[in-house]
Amino acid sequence: MLPWLPENISTYGQGVDNLFYAIFYITITVLILVMATLIVFLIKYRYQEGKKATYIEGSTTLEIVWTAATTVIVFVLAMFSYPQWNNIKSPTHFPENPDVVVQVSGKQFNWDMTYPGPDNEFETDDDLTLENELHVPINSVVHIRLTSIDVIHSFFVRELRLKQDALPNRFIDVWFEAIKAGRYEIPCAELCGFGHSGMLGYLNVHTQADYDAWVQERWPQ
Amino acid sequence: MHDNEHTEHHHEESFLSKYIFSLDHKMIGKQFLIYGLIMFFLGGGLALLFRWQLAYPERPLPIIGASEQYMEEGEVVTGADEMWERIYESEKEEWLEVNMPNGVVEPAFYNMLFTMHATVMVFFVVVPLLVGAFGNFLIPLMIGTRDMAFPILNMLSFWFAVLAAIIMVVGFFVPGGHAAAGWTGYTPLSADPQWTGVGSGQILWGLSLFVQGLSSLVGSINYITTIINMRAPGMTFFRMPLVIWSLFIVAILLLLAFPVLSSAIVLLVFDRLAGTTFFTATAEGGGDPLLWQHLFWFFGHPEVYILILPGMGIASELIPVFSRKPIFGYRSMVYAMIAIAFLGWVVWGHHMFQSGMRPGMGSIFMTTTMLIAVPSAIKTFNWLGTMFRGSIRFTTPMLHGIVFVSMFVIGGLSGIYMANTPVDIYFHDTYYIVAHIHYVVFGGSLFAIFGGIIFWFPKMYGRYMNDTLSKIHFWLTFIAFNCTFFPMHILGVGGHMRRISNPLQYEFLQQFEGMNIFITMSAFTLGFAQLILVFNFFWSIYKGKVAEQNPWHVNTLEWEAPTPVPHGNFDQIPTVYRGPYEYSVPGEESDWIPQTQPEHAPATGGD
């Protein structure tokens, strides 16, 4: 299954992927062990003429062993997960002083990307709203103010390992820092009505020079 | 209780009171069974319609859709073309024309299809089969009593369920179509017709679930009362078979969980009809869309365990019987189920990690959710321990029991990916979760249901189901199930979103076209394989081989009752002397000892 995971292009994506790999290898090991045991038991202890089953009611030792083992694995996994999660989703852990701030607003069935313009203030005259096209520079911290004007949508960029629902009348902050230039799809991941399928925007990660040129073109000075 | 006078009621009953408005728990159980099987076909049929659209987007369905030539040139070639011509010529707008022009599944219709597939499967198939059918049939028989505590409530529980199903089916034919906001009915999408174009369909959806809630409510009160008060002499709690334990726990969950959904639905209907804003936020204030999600999942997560616990119970009956061994760690099996039920109340937030809920809450819910791995692991290892050094008989019910365990392991392990908050950021709302839920509810619960039906059929109808047909059905279902749902894990890793009607609209999903076609073909095979089960079921009621009283040599009380089980169940209320899983006891001649056999008497195996 691993080759199907798309390439990661965000600074925190590797952390998510590492957890994914860890869980993958833990679960696949458990799965193989359980299935192998099951198959061995099915063959070895199949009904045979004259062979009786052995009366075993259980084993307290074994119960304690597998309860404790599972509990330990679960807590270790949780310990490694808390910092990753906070890093991506808790606003108090976000890198300060973002290079770019964009308001992304979901609506049936498009993404509105609003830039505050040179004054860095929303709802002023130099705001720029683009439909379905998000432009950001590479290696820069981008803050997204996520909202919706109608129903719940979900902002999903596979390559960033980022997904966040957008709610009406609520602003939810997320951030990312892209490390590879390119054009990536931003589908809506939460059912939002009959046009949900095909609700699609694009994330354009530019090199710094290209981004500066784009800004110059939009807000000529 | 009034044990002895009961057996004398051998008056002839009319057809109506015996088969329709029956008060007998066995008949009500069979009614639920047939009800569940009928709804199973409705739910499965809906799935096949949208699976077609996913594999061949915007192409007409075979047989009922228009031909390629008709689509291009308007020339009638097939019988279906003629039908479409007639539909288009007629003055009034036909249902098919609105929802499936030329036989193509429209996006709005697609949303309705998957919404109703899940709603029907969860509320009208799996719960009625597991809880309604097995609960009703097994509880009084296995605890050794003559009937449920409240037979009239029991009958009402079934007829409420029928009423709910009728309301749900009517919803398909109202203007605007049926509910299309997902089975989870997330607000604001479901709270205002302007977002979906769905009118009274959403209201009927809510009303139907409300009525289904009443059915569950009276049913669960009945189960709890019966199990607490009416156990046979000697049937202590820790001598109850595990399937009864699972149904007891599930009844408590249903009693406490369903009213939450019912109340939320009432608020939702107020939002739609009375102009309230419980679940919609306006600039002036009002409610909160997340409130619905909290209420829904506070019900919904216990509901998920309602869908699997009785399956675990059934597997815990099948595996010891056909391994001829006691269940490994009986008490830890009971405690694990209780632990799952308790944890079920404190994990609902894991459905909402990406919803905008406070991230700190996400960490808490992740911890509680991952803890569920512990009781699940205990149960799995105990099932394996049960087979260890057994004498395994590969009967068809046992095959289902084995598959239940292995599919439950896959479904349980795949759950860890979504329980882990950072990994869930990626996997949330992708096909990974679709694979997970189907491995648990189809691979788990439905296989347990199939196994249970074949296992208890001789007690229900006095005949065996045809074993050849059962085996063909088993192997086809097992292979087609895995071919359908295993590739969905891969789709999920590729980031394939769920609930989209046309994957080809996305650049990054082009690579999965072949896989989607493969899944659809497997799904059709899976669907058609179920016809074998239903044919076998009804055919065997009349033509199956006649079964003896205890064909599988089982210890539990239901097999002590005569076959077919008369009104009042037992000639004489049995007395219980031992636990339910005394198989292959050392020093005994027979490898099974019924629960009714006194401790110090030589084992006779009931023969």
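All chains are named by letter (A, B, ...) in the order of the sequence lines, taking the proteins before the strands, and each is independently numbered beginning at 1.
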| Under a 4.5 Å heavy-atom cut-off, does chain B meet the side chain of A:Ser154, its backbone, both or neither? | neither
| For A:Glu185, does its backbone N or O pair with a side-chain atom of B:Glu507 as donor and acceptor, under 3.5 Å? | no
| said: Keeping A:Glu63 on the side-chain end and B:Ser332 on the backbone end, is there a donor-acceptor pair under 3.5 Å? | reply: no
| task | Using atom types as modelled and distance alone, determine if a side-chain donor or acceptor of A:Tyr55 lies under 3.5 Å from a backbone N or O of B:Tyr583. | result | no
| note | Value for CD (A:Glu190) from CG (B:Leu189), rounded to nearest 0.5 Å, stands at 9.0 Å
| query | Is chain B contacted by the side chain of A:Lys51, its backbone, both, or neither, given a heavy-atom distance below 4.5 Å? | reply | backbone
| request: Rounded to the nearest 0.5 Å, what's the gap from CD1 on B:Ile392 to CG on A:Leu42? Could you check? | output: 5.0 Å
| said: Between A:Trp85 (side chain only) and B:Pro359 (backbone N and O only), is there a donor and an acceptor less than 3.5 Å apart? | reply: yes
| Minimum heavy-atom distance between A:Ser81 and B:Asn420, given as atom pair plus value | OG-ND2, 2.6 Å
| field | A:Asn169 portion near chain B, given a 4.5 angstrom heavy-atom threshold | value | side chain
| message | Walk me through whether B:Thr430 and A:Lys163 qualify under side-chain contact (heavy atoms from CB on, under 4.5 Å). | response | CA-CA 11 Å; B:Thr430 65; A:Lys163 185 181 288 131; 4.0 Å; yes
| query | Just by distance, do the side chain of A:Arg161 and the backbone of B:Ile425 share a donor-acceptor pair under 3.5 Å? | reply | no
| Of the backbone (N, CA, C, O) and the side chain (C-beta and beyond), which part of B:Met333 lies under 4.5 Å from a heavy atom of chain A, both, or neither? | neither
| remark: Okay, A:Glu57 and chain B: the region with an atom under 4.5 Å from a heavy atom over there is both
| Minimum-distance pair of heavy atoms, taken over all atoms of A:Cys188 and B:Met497 | O-CG, 4.3 Å
| note | Honestly, the part of B:Ala373 sitting under 4.5 Å from a heavy atom of chain A is both
| query | Is there a donor-acceptor pair under 3.5 Å between the side chain of A:Gln164 and the backbone N or O of B:Gln354? | reply | yes
| Which atoms form the tightest heavy-atom contact between A:Ile152 and B:Pro289, and what is the distance? | CD1-CB, 4.2 Å
| query | Relative to chain B, which segment of A:Phe156 carries a heavy atom at a distance below 4.5 Å: side chain, backbone, both, or neither? | reply | side chain
| Minimum heavy-atom distance between B:Phe328 and A:Ser59, given as atom pair plus value | CZ-N, 3.6 Å
| said: Can you tell me which portion of A:Leu191 sits under 4.5 Å from chain B's heavy atoms? Options are side chain, backbone, both or neither. | reply: both
| Taking the inter-plane angle between the rings of B:Phe388 and A:Tyr45 on a 0 to 90° scale, is it parallel (under 30°), tilted (30 to 60°) or perpendicular (over 60°)? | perpendicular
| field | Test side-chain contact (heavy atoms from CB on, under 4.5 Å) applied to A:Leu200 and B:Gln505, step by step | value | CA-CA 9 Å; A:Leu200 182 60; B:Gln505 288 169 311; 5.9 Å; no
| said: Assess, by modelled atom type and distance only, whether the side chains of B:Tyr110 and A:Ser197 contain a donor and an acceptor separated by less than 3.5 Å. | reply: no
| So, do B:Thr367 and A:Phe75 sit near enough that their side-chain heavy atoms are less than 4.5 Å apart? | yes
| said: I need the residue from B:Leu504, B:Thr380, B:Val423, B:Thr421 with the largest number of non-hydrogen atom pairs under 4.5 Å to chain A. | reply: B:Thr421
| message | Show, in sequence, the C-alpha distance, side-chain angles and deciding distance for A:Ile73 and B:Met370, and conclude whether the side-chain contact (heavy atoms from CB on, under 4.5 Å) test is met. | response | CA-CA 10 Å; A:Ile73 294 174; B:Met370 299 221 295; over 6 Å; no
| query | How many angstroms lie between atom OG of B:Ser391 and atom NZ of A:Lys52, to the nearest 0.5 angstrom? | reply | 10.0 Å
| Close side-chain approach of A:Trp4 and B:Gln511, heavy atoms under 4.5 Å | yes
| said: So which atom in B:Phe381 and which in A:Val34 form the shortest heavy-atom distance, rounded to 0.1 Å? | reply: CE2-CG2, 4.2 Å
| Nearest 0.5 Å, what's the CZ-CD1 distance between A:Phe41 and B:Ile402? | 12.5 Å
| said: Please classify the contact of A:Leu62 with chain B as side chain, backbone, both or neither, using a heavy-atom distance under 4.5 Å. | reply: side chain
| task | Examine whether an atom of A:Asn86 lies under 4.5 Å from a heavy atom of chain B, and if so say whether it belongs to the side chain, the backbone or both; otherwise answer neither. | result | side chain
| Taking all atoms of both residues into account, what is the closest heavy-atom pair of A:Thr70 and B:Ala377, and its distance? | OG1-CB, 3.7 Å
| task | Take A:Phe24 and B:Tyr417 through the test side-chain contact (heavy atoms from CB on, under 4.5 Å) and record every step on the way to the result. | result | CA-CA 8 Å; A:Phe24 179 78; B:Tyr417 294 75; 3.5 Å; yes
| task | Would you mind checking which part of A:Leu167 comes under 4.5 Å of any heavy atom in chain B, side chain (CB onward), backbone (N, CA, C, O), both or neither? | result | side chain
| task | Please look at A:Ile88 and chain B and tell me whether the side chain, the backbone, both or neither of the residue comes under 4.5 angstrom of a heavy atom of that chain. | result | side chain
